[in-house]
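Lettering follows sequence order; numbering is per chain, from 1. None of these values were measured; they are calculated from a predicted model.
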Protein chains: 2
Amino acid sequence: MNPKIEKLIKLFAKLPRVGTRGGQRIALCLLQDKTGRGTALADAIVEACENIAPCPICGVLTDRGSGSCEFCRDHNRSNGQLCIVRDLSDVWTLEKSSVFHGRYHVIGGLLSGASGTLPQDLNLLTLPNRITSENVTEVIFALPNTVEGKTTQHYVMSIIGAVPGVSFSELASGVPLGGDLDYLDDGTLSLAFGGRKTL
Amino acid sequence: MNPKIEKLIKLFAKLPRVGTRGGQRIALCLLQDKTGRGTALADAIVEACENIAPCPICGVLTDRGSGSCEFCRDHNRSNGQLCIVRDLSDVWTLEKSSVFHGRYHVIGGLLSGASGTLPQDLNLLTLPNRITSENVTEVIFALPNTVEGKTTQHYVMSIIGAVPGVSFSELASGVPLGGDLDYLDDGTLSLAFGGRKTL
């Protein structure tokens, strides 16, 4: 195989959920295209990689040098609620559902022995300061409902400590909307039973 | 969402088998990476798009300006067999299996009313000439076993015409290796029955 094409396929194949066959398809698609999609994609990658950096306050990816991100600048969002998420994609998911109108704090990962993520790898330095300076009254944990997510949640709670007037909350566990009990795992079922609501 | 990130996601999402969620994951992966994978990928795209072009003889993508591709230059491959394939990825698949040692001709698509591919969109101009100048004795069709594939095969045969000493062949149809009859469609089953071998 031509070394230039091989290199391109290898780089694409390493991207999340692409793999070798996906990389081949993408490389062929770009090389056979006559409308300049390849150069447009390369330009967009370079522009984004050079100009995008995490917001120094909350960690959301934003324009480098703009000081803070769209969420931290928006005064309508300073309602005392701070939502702790793992990733920018979680922010997008929450924004799409319009369920939350406060501010975010992206920690950028979960404590995990398997992947070797340690407390110092997480974006937690500015967090205790934000609680007081932004008059936060509720810290909402929207981390994955996994062992790593819960471990990280407990660690972040210990970092913030007991601040008067600040409450902690986490997303409810239970049967998803449209969920069939047949397909539910025992853990979720037990959480859903334990948290049952009186009608 | 930040416009630069949004643009990057949209461009990735349009690549084959990626989609919006895949595009988000890829964009985040590149933007959060600290090892320069984004710039490396952009450089590889530009380098390949600028320097790779179809071989003027057979249509395999190769270095621009090199005259012909690795297959056309290889004298060991001039054994009189010419394999007609749709795409460079089919060449890779055949090469991986080491089942064929002749030369290729990439036609670059299949005749199809649905996608609007017409005879003039296919790489067929040089084909009749190759049959005589390369002393081809067997033309092997390795096109997809679909209506479009068969239509294209008949069209290509009519383009080449009846040349003395040149035979045409196509890949065998039947039960795939490890294939369970339970999961086989009626068309394949009927082809496999019709082509049964005496033991």
Side-chain angles (χ1 to χ4, degrees), chain A residues 1-12 14-33 36-54 60-64 66 69-70 87-89 91-93 95-96 106 108-109, chain B residues 1-12 14-33 36-54 60-64 66 69-70 87-89 91-93 95-96 106 108-109:
Chain A
M1 198 186 294
N2 184 290
K4 291 191 189 74
I5 305 182
E6 203 172 351
K7 186 181 166 194
L8 189 61
I9 292 174
K10 274 192 183 155
L11 285 168
F12 269 120
K14 276 188 219 141
L15 296 176
R17 298 209 184 170
V18 176
T20 309
R21 280 203 64 82
Q24 284 186 359
R25 277 172 168 270
I26 294 175
L28 275 184
C29 161
L30 290 180
L31 289 171
Q32 287 169 347
D33 181 87
R37 275 169 69 187
T39 6
L41 179 64
D43 289 348
I45 295 173
V46 169
E47 200 193 355
C49 284
E50 282 179 353
N51 295 305
I52 300 288
V60 163
L61 290 173
T62 187
D63 283 305
R64 195 187 295 274
S66 65
C69 70
E70 56 195 291
D87 224 328
L88 181 52
S89 64
V91 173
W92 292 336
T93 309
E95 282 301 296
K96 223 175 75 184
V106 178
Chain B
M1 198 186 292
N2 183 289
K4 290 190 190 75
I5 304 181
E6 204 171 352
K7 187 181 165 196
L8 188 61
I9 292 174
K10 274 190 184 158
L11 285 168
F12 270 120
K14 275 187 222 143
L15 296 176
R17 298 210 184 170
V18 175
T20 310
R21 280 202 65 80
Q24 284 186 1
R25 275 171 169 271
I26 293 176
L28 275 184
C29 160
L30 290 180
L31 290 170
Q32 287 169 347
D33 181 85
R37 275 169 69 187
T39 10
L41 179 64
D43 289 348
I45 295 172
V46 169
E47 200 193 355
C49 284
E50 283 178 355
N51 294 306
I52 299 289
V60 163
L61 291 173
T62 187
D63 283 304
R64 193 187 296 274
S66 64
C69 70
E70 56 195 292
D87 223 331
L88 180 53
S89 64
V91 174
W92 292 336
T93 309
E95 282 301 297
K96 224 175 76 185
V106 179

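- Remark: A/Glu70 CD to B/Met1 CE distance equals 9.0 Å, nearest 0.5 Å.
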Any chance you could lay out the side-chain contact (heavy atoms from CB on, under 4.5 Å) test for B/Arg37 and A/Leu15, step after step, and finish with the verdict?
CA-CA 10 Å; B/Arg37 275 169 69 187; A/Leu15 296 176; 3.7 Å; yes
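- Interatomic distance, CD1 of B/Ile5 versus CH2 of A/Trp92, reported as 5.5 Å (0.5 Å rounding).
- Both the backbone and the side chain of A/Glu47 come within less than 4.5 Å of a heavy atom in chain B.
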Begin with the C-alpha distance, continue with both residues' side-chain angles, and end with the deciding distance and a verdict on side-chain contact (heavy atoms from CB on, under 4.5 Å) for B/Leu11 and A/Ile45.
CA-CA 10 Å; B/Leu11 285 168; A/Ile45 295 173; over 6 Å; no
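- Taking both residues in full, the closest heavy atoms of B/Val46 and A/Ala42 are given as CG2-CB, 3.5 Å, listed atom of the first, atom of the second, then distance.
- The two atoms that bring B/Leu8 and A/Ala48 nearest to each other are CD2-CB, 3.9 Å, heavy atoms only.
- When heavy atoms are compared at a cutoff of 4.5 Å, A/Cys29 approaches chain B solely by way of its side chain, counted from C-beta outward.
- The candidate with the highest count of non-hydrogen atom pairs below 4.5 Å against chain B, out of A/Gly38, A/Ala44, A/Pro16, is A/Pro16.
- For a residue to count as touching a neighbouring chain, one of its non-hydrogen atoms must lie under 4.5 Å from one of that chain's; by this rule B/Val18 touches chain A with the side chain only.
- No part of A/Asp43 comes within reach of chain B, as not one of its non-hydrogen atoms sits under 4.5 angstrom from that chain.
- For the residue pair A/Asp87/B/Gln32, the side-chain donor-acceptor check at 3.5 Å is satisfied.
- If you measure heavy-atom distances from B/Asp33 to chain A, you find no contacts under 4.5 Å at all.
- Heavy atoms closer than 4.5 Å to chain A are found in both the backbone and the side chain of B/Lys14.
- With a threshold of 4.5 angstrom between heavy atoms, A/Arg25 approaches chain B through its backbone and through its side chain.
- At a threshold of 4.5 Å between non-hydrogen side-chain atoms, the residues A/Asn2 and B/Ile52 count as touching.
- The candidate with the highest count of non-hydrogen atom pairs below 4.5 Å against chain A, out of B/Lys4, B/Lys7, B/Arg21, is B/Lys4.
- Interatomic distance, B/Ser89 OG to A/Ile9 CD1, rounded to the nearest 0.5 Å: 9.5 Å.
- Using a 4.5 Å cut-off between heavy atoms, A/Val91 does not touch chain B at all.
- Ranked by heavy-atom pairs shorter than 4.5 Å toward chain B, the options A/Thr62, A/Asn51, A/Asp63 are led by A/Asp63.
- Interface remark: B/Leu28 contributes side-chain atoms only to the contact with chain A (heavy atom separation under 4.5 Å).
- In this structure, CZ on B/Arg17 lies 14.5 Å from CZ on A/Arg17, to the nearest 0.5 angstrom.
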